[in-house]
Amino acid sequence: MTAFSIAPYPIRRVLVANRGEIACRIMRTCRRLGLATVAVYSDADADAPHAREADRAVRIGPAPAAESYLSVDAVLEAARTSGADAIHPGYGFLSENAAFVRRCEEAGLVFVGPTSQAVAAMGSKIEAKKLAEASGVPTVPGYHGDDLSEEGLAATAEQVGYPLLIKASAGGGGRGMRLVERPSDLAAALRSARAEARLAFGNDAVLIERFIRNPRHLEVQLVGDRHGNLVHLFERDCSIQRNNQKLIEEAPAPNLSDTARRRLFEAALKLGKAIGYTSAGTVEFVMEAGAEQPYFLEMNTRLQVEHPVTEAITGIDLVEWQLLVAAGLPLPLSQDRIVAKGHAIEARIAAERADRNFQPSTGRFLEVSAPRDLRFDTGIASGSEIGLSYDSMLAKAIGHGSDREDARKRLVAGLEGLVLLGPPTNQRFLIDCLDAPDFAEGRSTTAFLASRFPEGWTPSPEVVGRARARAAQAALAASGIAAGPWRRADGYRVMGARRPARIEMHVCDDYGEATVVLRAWEGRMEASVDERFLDLDAAPADAVSHDGRIHLSEGGLSLRASVLPAIALSNGRDTAAAKGALASPLPGVIVSIAVAVGDRVERGDLLLQMEAMKLVHSLTAPHPGRVTAIHHAAGDTVAAGAVLVDIAQQEEE
Ligand code: ADP
Ligand code: ADP
Ligand code: MG
């Protein structure tokens, strides 16, 4: 008999009201505990891993979250039709929606989370701060009273002092915040914060807080049960943020004094006790770097994105504990039996162009594979299509080690070995953050990104260069040219002397373009990328050829590159163009022909497509003119230099 069948609120089948990595992660624990799982999915997620991994999956609506993952009625209906007796909300979406929790309670469903009263009490930052103050928990100095008139706030702002933050009381995910540096900006900032809050959260209540210039974000993991037990699972440091959203998190917090740590635990437990908290929840604080007094920010009444770092150091499965307490069972361990071991660091992987101000990227992932010793919580798999309907976070990588440096190195190695072939992600950017001296020393504050990458991030020339060299090498290996001198990679004999085999390639990718020269020489392969020399492993990288491009991952940078042999291309063009014709730049097969005899073409117009070196190349008119002959048909195999199309030069040329 499992623990759940003897529980006061037996749980047998859990509906996970979420998507992506967190839905997959919750179902993993359910399966381990012998609980049946129900996934819900929108039309955009019909083939998503979370929907495929569940015992049963129920469609709840079209792609927009408001009509699917945020629809209380649709989720409850899915629970009813699937016979679920419990709902786990994950994070985001309905997880902190008190009305949803109430509807679950009314429908007789076990909500895997706290009571609706606790969610309501902490859902408003204003009410939460009042509660914290009443419980004797220090809060960030500011104003969260009832006078929200512009005049009233202006006077209070003077008292709080500048710079200050205006925050949406119902805000979350770093949204609904405005930094105000001087009084003249207050009125406009207030108006736009209110408008944003109304739109994003349906509630325009705001509070103001003193802005702490260089703070650390510290938080305490709590878990409570319905038998009056409340424990902390130590602290996390989540100071590495972008736009007030966490990017890298760790446990325990580095360089934290015993006094500060004790104050964190005391404050969090005080607040948790004050509301009789019963599930996993997180109390968040900011603390000035170097200071010892943490100030309460807010409480998140749900599982946190960064919960795995706590799991790593405590060995506790937080989802399991959530399920146990939701079923009415007592916490398995008392405070004195909960111990932390080692250090863990998590990095959030997002479908973003980190090099282009983090704009979201979209597309299909051809391959997703993680090194075996890395904890990789993912919502995507090979074949997953990423659109713009949801948050750009795809997965999380978690490194766990005996100490902080060990955990950091393991995470860096894990991210370097992680293969994500498809749309660009922030993978390499995360490695560069983890390798930054400030971070390595454990001294970062929320100002980290701005000070580390004041001009924004771009991949280093060394990293891109190596990836391009590997792409050129992979393209070469995939081509027939790799036979002969290339296969043995030991040069070839000309007149008795050993000479290196040499080829020049043109590589074009998301980060720009470069000329790559590859040389094979006595078992070695060497590359120069725009004059920068590199030694290459003679064995080509694992690469996938798709849509005419080479996809590969090198040093944590995923590259999708068009690769063409530069010499062959210009030779073919020059000699043929001189005769008023287009010649094949390399050996290959004609795929399609886009023109007919008699057509007028401009320079650059598409003439035909050919497949060569496993890639499809578009060949265009080298000059304007009239097509006078086509020497091959689709399907023909042609040699390098073969004349394909004759184009009569125009008189004026
Ligand atoms: P955590 O503290 O768990 O890291 P975040 O604030 O980063 O939480 O938010 C976790 C996820 O939930 C993100 O995907 C974020 O966009 C989403 N989220 C958090 N709060 C809200 C909210 N009030 N409304 C909408 N989405 C939210
Ligand atoms: P959210 O609900 O969006 O998570 P929080 O109040 O938790 O809002 O704040 C999110 C982040 O914004 C914090 O982790 C911190 O980096 C920054 N922040 C919030 N309040 C302050 C403050 N008073 N001073 C400086 N930074 C702050
Ligand atoms: Mg927060």
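Just so you know, ligand 1 is whichever comes first in the structure, and atom 1 is the first atom listed for that ligand.
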Can you tell whether the side chains of [X] and [Y] come within less than 4.0 Å, N to carboxylate O?
X: R375; Y: E311; value: yes
X: E196; Y: R175; value: no
X: K125; Y: E298; value: yes

Using a 4.0 Å cutoff against the non-hydrogen atoms of [X], which atoms of ligand 2 qualify?
X: F211; value: 24 (N), 25 (C), 26 (N)
X: I212; value: 24 (N), 25 (C)
X: T446; value: 16 (O)
X: G174; value: 1 (P), 3 (O)
X: G171; value: 2 (O)

Quiz item: What N/O/S atom of E284 gets nearest to the Mg ion (ligand 3)?
Solution: OE1
Quiz item: Which atom, counting only N, O or S, brings E298 closest to the Mg ion (ligand 3)?
Solution: OE2
Any idea which of [options] brings a heavy atom closest to [atom]?
atom: atom 16 (O) of ligand 2; options: Q241, E96, R216; result: Q241
atom: atom 17 (C) of ligand 2; options: I208, T139, L179, N244; result: N244
atom: atom 9 (O) of ligand 2; options: M177, E284, E298, K125; result: M177

Self-check item: Side-chain (N426) to main-chain (R348) donor-acceptor, under 3.5 angstrom
Solution: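 It does hold such a pair.
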Quiz item: Is there a donor-acceptor contact under 3.5 Å from the side chain of T425 to the main chain of A351?
Solution: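 No, the answer is negative, given that no donor and acceptor are paired below the 3.5 Å cut-off.
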Quiz item: Which bit of V140 gets closer than 4.0 Å to ligand 2, counting heavy atoms only: side chain, backbone, both or neither?
Solution: side chain
Exercise. Test L233 against every option in I313, T282, L222, L318 by the side-chain contact (heavy atoms from CB on, under 4.5 Å) rule and name the one that passes.
Key: L318
Quiz item: Does R213 have a non-hydrogen atom less than 4.0 Å from ligand 2?
Solution: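 No, R213 has no heavy atom closer than 4.0 Å to ligand 2.
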Quiz prompt | Cationic tip of R404 above F439 ring, under 6.0 Å, 45° of axis | solution =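 Here R404 passes the 6.0 Å and 45° test against F439.
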Quiz item: Got a second to check how far F358's CZ is from L449's CG, nearest 0.5 Å?
Solution: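 Taking CZ in F358 and CG in L449, the distance rounds to 6.0 Å.
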